[in-house]
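Here the structure is a predicted model, which means the values were calculated and not measured. Order of the sequence lines sets the chain letters (A, B, ...), proteins ahead of strands, with each chain counted from 1.
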Amino acid sequence: MNEVILSLITFLPLVGVLLLLFIPSGNHGLLRGFTLAVTILTFLASLPLVTGFVTNADYQFVLNMPWIQAGPFRMNYHVGIDGISLWLVMLTTFIMPIAVLSTWTAVDEKVKGYMACLLLLEVGMIGAFISIDLFLFYIFWEVMLIPMYFIIGIWGGKNRIYAAVKFFIYTMVGSLLMLVALIVLYFKGLNLGITDFSLTNFFGMNLDPVTQTWMFLAFALAFAIKVPMFPLHTWLPDAHTEAPTAGSVILAAVLLKMGTYGYIRFAMPLFPNAVEKFTPLICTLSVIGIIYASLVAMVQEDVKKLVAYSSVAHLGFVMLGLFSLNQIGLQGGMLQMLNHGISTGALFLIVGFIYERRHTRLITDFGGLSKQMPVFATIFMIVTFSSIGLPGTNGFVGEFLVLLGAFESNIRWYAIIASSGVILSAVYMLWMFQRVMFGKLDNPKNQKLPDLNAREIAIMVPLVVMIFFMGLYPTPFTRTMAPALDKIIQQTRLTKPVIAAPPQMMPAMPQGEMPAGHPGMPGGQPGMPAGQPAMPAGHP
Amino acid sequence: METLFFSLVAAIAIISSILVITNKNPINSALSLIMTFFCLATLYVMLEAPFMAAIQIIVYAGAIMVLIVFVIMLLNIRSESGRRTNHALFLGVMTGVLLLIQTWYLLWKSSLTGMKGSVDSAMIIKVGHTELIGKALFTEFLLPFEITSVLLLAAIVGAVILSKKKL
Amino acid sequence: MVSLNGYLILSAILFSIGMIGVLTRRNAIVIFMCVELMLNAVNLTFIAFSKFLGNLDGQVFVFFVMTVAAAEAAVGLALMIAFYKNRESIDVEDMNLLKW
Amino acid sequence: MLDNVWLIPLFPLIGFLINGLFGKKIKNEAVIGTIGTGAIFLSFIVSCGILIELVRMPAEQRVFEKVVFPWIQAGTFKADMAFLVDPLSAVMIMVVTGVGTLIHLYSIGYMHGEEGFYRFFSYLNLFCMSMLLLVLGANMLVMFIGWEGVGLCSYLLIGYYFEKKSAGDAAKKAFVMNRVGDFGFLLGLFLLYWWLGSNHNIWTVNFVEIKAASHLLPYGGIVTIATLCFFLGATGKSAQIPLFTWLPDAMEGPTPVSALIHAATMVTAGVYMIARMSFVFIKSPETMLVVAVVGAATAIFAATIGTAQNDIKRVLAYSTVSQLGFMFLAMGVGAFGAGIFHLMTHAFFKACLFLGSGSVIHAMHHALHKGHLHDDAQDMRNMGGLRKAMPITFITFFVSTIAIAGIPGFSGFFSKDEILWQAFANPYHGNINIYLWGVGAVAACFTAFYMFRLVFMTFFGECRINSKVKEYLHESPLVITIPLMVLGLLAVVGGYIGMPKLMGLLPNYFEHWLDPVFELANEYGKEYAKVAHHTHALEWGLMGGSVVIALIGITIAFTMYMANRTLPAKFVATFPTLHRFVFNKWYIDELYDFLFVNPCKAFGNLLWRGFDVVIVDGVVNGTAKLVMACSAGLKGLQSGYVHNYAMGMALGVVAIMAFYVFR
Amino acid sequence: METIVIPAINMAVIAPEVILSLFAMALLLINVFVKGESKAYLGYLGIAGIVVALFTLVSGWGFPTEGFSGTVIQDNFGIFFKVIFLISAAMSILISDKYLVREGCNQGEIYPLILFATVGMMLMASGTDLMTIFLGLEVLSVSLYILAGFNRDSIKSNEAGLKYFLLGAFSTGFLLYGMALTYGATGTTKVAKIAAHIAQTGMGSSNLMLLAGMLLMATGFAFKIAAAPFHMWTPDVYEGAPTPITAFMSVGPKAAGFAAFLRVFLIALPALKAEWTWLVWVLAVLTMTVGNITALYQQNIKRMLAYSSIAHAGYVLVGFTAGNAVGTAGIMFYMLSYAFMNIGAFAIIILVGKKGEENNNVSDYAGFGYKHPMLGIAMCIFLFSLAGIPPAAGFIGKFYLFSGAIQAGYIWLAIIGVLNSAASVYYYLRVMIFMYFKEPNEDFAWVKLTPAFIICLIIAVAGVMIPGVLPGVILELAQKAVLM
């Protein structure tokens with residue numbers, strides 16, 4: 001059973017698509033209901049992953065079958081999850097039903113195709129998260145593009161074609177270069193006697209630094225575009241603004257995670273030397289991204305664009321966390337991924353709600369909605385504050401750990417600058433919130449707005465619950481991730497940190513966490529001296 | 001003596017071929033082309049290939065050129081109205097000259113490296129050129145020979161369907 | 001006794017002239033004739049080689065080239081006639097419907 | 001009992017949930033009010049129980065930590081949801097729950113008939129919960145929850161009348177400024193955590209553990225940086241220079257909010273935080289000095305502004321800022337106990353004052369409303385002579401005013417005088433302390449002045465309110481006056497538990513009570529303290545001096561606003577610029593707008609319109625355009641002419657040959 | 001005078017060719033008696049012939065046999081390519097009938113001519129003597145000249161035929177000159193013997209005559225496979241020729257060209273590998289880039305696909321550059337999948353087209369995806385496959401080609417390749433933009449699907465998707481068919 005669960009949840013939606021073809025296109029209710037059922041079923045089917053997951057660093061629920069064997073190539077259908085992918089898969093399956101519900105009424109033409117696209121998208125996303133075989137990963141990675149392209153292009157806003165094409169080609173360029181790097185990697189490995197594309201073969205190949213540099217760049221570019229990192233982000237606002245609500249939600253909640261996931265899973269552990277070389281660059285870009293995106297978000301007139309830019313900032317935090325390369329930072333990064341998935345997803349839903357009602361997203365068209373739609377106001381506020389990172393909500397835990405981790409590692413100064421992003425995020429979010437929800441309800445069009453209906457509340461409730469749950473009790477997540485993250489750290493760190501005896505006052509924590517590097521530790525970590533000037537009288 | 005004759009023929013061939021491409025009137029071009037063919041036939045004879053010379057006259061000058069002339073007449077094409085633009089002309093000539101220089105250069109530099117065969121003039125005189133060719137055609141190159149039949153068939157069919165009056 | 005190079009260079013000259021013709025003339029038939037000229041130049045090369053190598057493959061090849069030339073002539077002229085029917089011209093500058 | 005400390009924040013949480021989720025359905029104000037008040041009252045009971053239990057314990061054991069559940073665990077980092085009970089937090093919870101209960105009660109009356117009644121109470125409960133988390137938090141992170149939580153609540157409550165743009169702006173301003181502070185707080189936390197961990201492998205944010213490890217911290221250096229960061233956080237929360245401008249604007253909120261959040265509790269969080277981490281702060285003389293100076297400066301600065309305001313609540317707001325300044329002064333000079341003491345007394349009388357002003361505004365508003373007038377119900381120029389109309393309010397208000405002015409026998413005197421004395425006598429800041437004292441004294445003088453100005457303008461003289469609504473003015477209902485009376489009483493007697501031992505009437509219970517908390521700090525302090533001996537005479541003298549100063553302030557107020565009403569106008573006429581500056585709060589808001597807000601927006605616009613769209617996207621689309629241009633060009637080559645194609649081929653051949661033959 | 005001894009004739013070697021020729025002639029005869037619509041049956045008969053040929057062909061898999069005194073060979077390499085030719089021929093026949101009727105040039109001769117062309121291609125693929133290859137190429141060309149100009153009444157068709165003819169003859173000249181020089185340099189026209197002679201005399205690039213021969217032959221083949229700068233005829237001819245013929249031309253002859261190209265260069269001229277590798281490298285880059293970039297601007301979908309086919313020739317040349325097992329296998333796999341996807345696309349173009357080559361603009365596809373969901377999906381599959389996006393065969397093919405290049409160390413070539421295919425995505429997407437993102441401007445005539453088309457499309461889709469998801473088998477076969 002365990003072996004097939006992953007394949008099951010991956011291809012269940014595909015089956016759904018096939019069945020969908022037999023439903024008459026006219027019968028929208030049935031189409032929607034069916035799709036919802038499929039997604040929910042997938043979610044339920046994915047629950048055993050959590051319950052059955054054993055907290056250790058290994059891949060679990062592994063299924064490894066030969067797939068293509070020709071010439072020098074061996075590709076296997078090799079899937080499995082560890083602490084990292086587990087939660088991303090869960091996030092995906094969790095978001096999908098919500099996404100389906102979100103455009104229940106908004107999309108009322110070509111419903112069949114729409115639902116089919118959503119389901120195909122789910123296939124791609126889950127597949128990418130669970131595949132261990134690099135080739136398989138690439139396949140799924142590309143497959144994701146197609147349905148998203150159609151979702152944006154067919155059901156999107158007025159500038160949708162530009163956005164869709166931009167999205168597609170932008171991503172294509174990066175991923176194709178990654179493909180080249182992939183093949184190079186494989187042939188390099190072939191000389192070292194690897195037998196197939198399984199990721200696990202490629203660790204510790206100790207490629208020469210130059211090769212690593214090039215290949216890291218190729219991988220990093222592909223993922224940086226998806227993240228998106230600072231100079232490569234411009235596709236995001238367009239895609240987000242044009243996409244229908246569900247599209248934006250999935251894009252923000254899951255697709256962007258592909259990039260960061262790619263970093264933590266592939267780019268970093270595969271090319272340690274390159275990572276060491278490029279950490280400053282990437283951190284710089286992330287920090288620029290944080291500040292830059294925040295400032296730009298501040299002056300947006302379009303709510304959706306604002307949220308889009310805010311997610312650029314949030315993912316900047318994630319990247320910072322990942323490249324702090326210590327347990328705290330990585331966990332922070334991972335949590336931040338999930339949080340961003342939930343909070344920003346929720347924000348896009350909210351924007352969707354008011355867009356459905358008013359068919360405008362300009363901040364200036366709103367104002368004083370709190371009076372008219374209190375429930376909406378409450379939820380909106382909760383989500384806003386979770387996105388700002390208020391303690392007690394999920395946003396805080398992630399952001400805090402990221403900054404702490406970064407601060408602990410030798411990218412301290414970036415952390416300090418990035419922390420100011422915390423202020424900026426409050427500025428732009430609250431300003432937007434105030435202009436939309438506060439003030440006089442003077443626009444006559446707004447005076448008739450109905451408050452959230454049952455469906456919309458049903459959509460938001462799970463998200464709100466998650467916001468608080470993850471904010472108040474993130475331990476289940478962190479605990480399961482820890483071992484896998486440690487493995488990543490071990491693979492990525494060039495000089496392995498001295499293993500610290502856990503401080504006395506801390507009760508036993510999972511075995512895996514022990515080696516989590518404490519950069520500052522005496523003789524601990526190469527970057528430490530670089531960090532010293534930061535602390536004038538710091539050291540005894 | 002022979003060299004002199006060769007140079008004479010070669011000169012004629014070259015001149016006539018130049019006429020082919022300079023003549024405004026297609027008919028004249030055709031005639032000068034036939035002239036060239038005759039020269040080539042002569043050279044074939046000098047190269048101890050009488051049979052090739054014969055079919056050169058028969059097939060080329062006889063069949064193909066007649067066909068061409070016939071078509072020219074049929075379509076009664078006047079001489080070209082106005083030449084190509086000068087720079088196109090210049091470019092063409094330049095290209096040709098360049099190619100010539102290159103080929104000339106590399107032919108000059110290179111010698112005959114192919115493996116020598118058994119056929120020499122004595123044998124040709126003894127056996128007879130036609131027979132030798134025939135033998136080659138029907139033994140070693142039987143398949144290509146057969147292919148030509150398909151080729152010609154296809155060509156005929158094509159010619160017919162393209163130009164027959166009523167479908 | 002004329003050297004091989006004599007023949008080869010002669011054929012090279014003819015070949016180039018033929019090519020020039022193709023590049024500079026506008027009348028389809030003339031262009032075709034120039035192509036024939038090029039083929040003949042090649043034939044000369046073949047036969048010269050065959051003579052000096054002392055094997056007949058080259059001459060056999062020439063034989064086939066002639067056949068091909070004949071076939072091409074038939075088809076080509078047919079095409080020209082067909083074109084002429086529709087266009088009242090076989091000037092290549094008039095073959096400009098298909099471009100870009 | 002101690003084990004049930006978690007109940008304290010729980011009750012308000014429950015209250016919040018009930019009112020927040022079902023308040024709209026309940027509608028009945030009585031029920032909602034009872035739930036809200038009841039919740040906080042229950043925590044008050046529990047707090048009392050805890051206090052009593054603590055009192056019973058021997059002094060040195062009075063530290064208790066309660067872990068509720070593990071919150072964050074990541075690598076070495078571990079933060080539990082844990083509460084710390086010790087004398088300090090005991091005092092705080094008493095203040096918070098006690099004053100909180102009264103203000104809840106008051107609100108029932110004050111907010112009567114507001115449509116967002118339930119909303120108000122749920123927010124209020126939420127605030128109490130956050131505040132209690134803040135004071136009870138056993139580690140910096142739990143404290144930080146509360147720290148931000150109160151920020152959130154103040155945001156919500158200031159923005160309570162969200163339809164007023166000013167309210168929205170004020171709310172945002174408050175939150176953002178707090179955020180700036182929080183930024184500092186976080187950095188300080190990072191530094192401390194990282195330094196202790198990396199150098200001594202003690203990875204902790206828990207106060208007790210840090211205290212245990214504090215001997216490892218160096219004097220100055222890293223600690224200075226860290227504590228300065230923390231202090232930035234404190235300034236944000238407690239409205240000190242430079243981050244004080246949000247507090248006056250915060251008066252947009254309902255008056256009970258001003259009383260609870262912006263006078264009694266939240267704004268004192270910064271003080272509390274410093275007290276909580278006294279053993280770290282004391283290790284950095286520089287920081288201590290900065291704290292003291294900033295405190296003194298704020299005290300005088302805000303006081304000056306307070307003298308020129310006409311809005312009754314704004315005057316009180318500036319007075320609050322000024323009083324907080326006193327508290328920081330106390331912290332800065334190492335008089336932690338005194339600071340906390342002033343915190344408590346201030347909570348009493350300032351809450352009383354705010355509620356009193358609320359009662360006045362309530363009455364005024366009521367009256368004006370009856371008369372269908374639209375005069376400003378908060379402008380003191382419309383008031384006057386209210387003492388006849390609303391005696392209870394007047395008495396309580398007057399008592400509190402005396403208290404804050406520092407007239408002997410009232411609580412304010414004991415605390416403030418203690419601070420001034422410590423400022424003078426503190427052993428840390430060498431010879432600056434005389435200036436600290438001087439500034440403090442002047443500030444005290446101003447305090448007395450503007451407070452009495454307020455009283456005179458409001459309650460004395462003839463009634464300046466539009467005559468036809470005079471008869472509508474009357475005392476507020478009991479539910480409002482009861483809290484006033486209680487607080488008024490506390491304002492009088494509250495001080496006696498912290499009576500300077502000099503007077504010898506009573507032992508200074510309060511100091512002793514807090515000693516176990518601060519002794520370590522004083523221990524460290526000795527490291528660089530210069531012991532100076534001050535005679536009792538001197539202390540007596542200064543005490544007298546401060547009294548005199550207060551009296552001077554009062555007399556000036558009297559002469560200007562009772563005896564000779566024309567003086568203020570004259571004054572304004574003589575020093576127009578000065579007055580304009582003072583009246584406009586020294587143009588600080590404008591300055592900040594000019595320095596930070598507008599540049600940010602402008603820069604953001606530049607980045608977006610200029611950089612993002614033009615350059616970044618321009619590169620992308622430019623590439624596309626370029627390729628398309630090439631496409632057009634190549635398309636042009638495809639001329640459709642056979643000889644061109646042939647030429648292409650021929651050139652190709654020639655080129656290839658050339659490359660190979662002549663290379 | 002001695003008698004001529006005819007060497008043993010091993011018919012098995014050329015059995016498929018013979019069968020096809022016989023069927024072609026039979027069709028020519030029958031054609032006289034069938035009239036009008038029923039001419040379609042000629043096509044089906046032709047397909048029957050192809051199927052028979054196919055079976056005889058595959059039966060020879062695994063036993064390379066020479067024949068006709070070394071002028072022809074039947075080896076896996078040849079067989080693999082021949083299968084491609086046969087498939088493309090069959091599919092083109094399937095889609096031609098409807099078109100011919102619509103365009104009013106419904107003459108039965110088209111089927112035998114397609115078969116003749118196929119014979120020519122097969123001879124190119126299996127010829128081991130320059131003469132065989134040359135003649136096969138001529139059979140192919142002559143038939144194609146006719147087919148291109150097949151629609152006599154359409155000026156475009158005439159023009160296409162004539163242009164193709166003139167340029168084809170021109171390029172033949174170069175090819176021949178190259179063969180002549182090679183002959184001179186080695187003294188033989190047999191591929192194997194050439195290699196042997198080169199090997200034993202140890203002549204290499206130093207021998208300018210041989211070098212020039214190689215280069216000129218390369219240009220000749222480059223013309224056939226439409227590699228830049230010898231590609232310029234392609235768009236015009238593809239646009240002008242009858243659509244089914246375009247489909248056929250874009251696949252079969254290209255593959256045949258590659259077959260001959262590969263055989264001559266890999267078997268006869270391995271000694272010059274260092275030389276021709278660079279030549280091919282340059283050709284590949286030029287071809288990909290020119291093809292893709294020019295395609296971006298095209299409005300006429302036939303013309304667009306013409307440029308795209310140029311680009312694909314470029315990709316295949318990448319595999320050729322590699323010149324290793326992976327690359328060659330990649331070429332075969334790619335040509336096979338290309339046959340399916342391209343002919344599939346053209347089939348849909350025929351369906352959408354109207355009389356007189358109308359309705360061939362990209363903009364005419366507005367809303368097509370909604371009018372005909374199934375056809376729309378099929379078109380998407382073909383286009384995505386052409387764009388090289390998984391899980392379509394096109395992707396696997398590209399993957400193999402580029403892998404070959406990378407394995408041989410031409411990483412930059414691979415990078416240029418992938419960047420090209422990224423650019424190419426744009427114009428394939430453009431079609432889909434019109435199909436799905438634009439509302440139908442005017443509702444066009446309901447496309448009538450004949451069974452032939454349905455079969456053709458099903459085959460095409462299957463041929464794109466199945467190798468896309470499970471390419472293992474075919475790749476293995478391709479590996480077995482590699483020369484060397």
Student: Quick one: are the ring centres of A:Phe385 and D:Phe175 less than 6.0 Å apart?
Tutor: yes

Student: Measuring only between side-chain heavy atoms, which start at C-beta, is A:Phe438 closer than 4.5 Å to D:Asp169?
Tutor: no

Student: Less than 6.0 Å separating the ring centroids of A:Phe396 and D:Phe144?
Tutor: yes

Student: Between A:Val422 and D:Asp182, is there a side-chain heavy-atom distance shorter than 4.5 Å?
Tutor: no

Student: With a sphere of 6.0 Å drawn around NZ of D:Lys173, does it hold more than 12 non-hydrogen atoms of other residues, nucleotides or ligands?
Tutor: yes

Student: Side chains of D:Phe162 and A:Lys371: does their closest heavy-atom pair fall under 4.5 Å?
Tutor: yes

Student: Relative to the ring of D:Phe190, is the ring of A:Phe407 parallel (under 30°), tilted (30 to 60°) or perpendicular (over 60°)?
Tutor: tilted

Student: Can you label the angle between the A:Tyr292 ring and the D:Phe611 ring as parallel, tilted or perpendicular, going by 30° and 60°?
Tutor: perpendicular

Student: So do A:Glu399 and D:Leu186 actually touch side chain to side chain, heavy atoms under 4.5 Å?
Tutor: no

Student: Should the pair A:Lys305-D:Asp612 be classified as a salt bridge under the 4.0 Å nitrogen-to-oxygen rule?
Tutor: no

Student: Can you tell me which portion of D:Val620 sits under 4.5 Å from chain A's heavy atoms? Options are side chain, backbone, both or neither.
Tutor: side chain

Student: Under a 4.5 Å cut-off applied to non-hydrogen side-chain atoms, are D:Leu187 and A:Ser419 in contact?
Tutor: yes

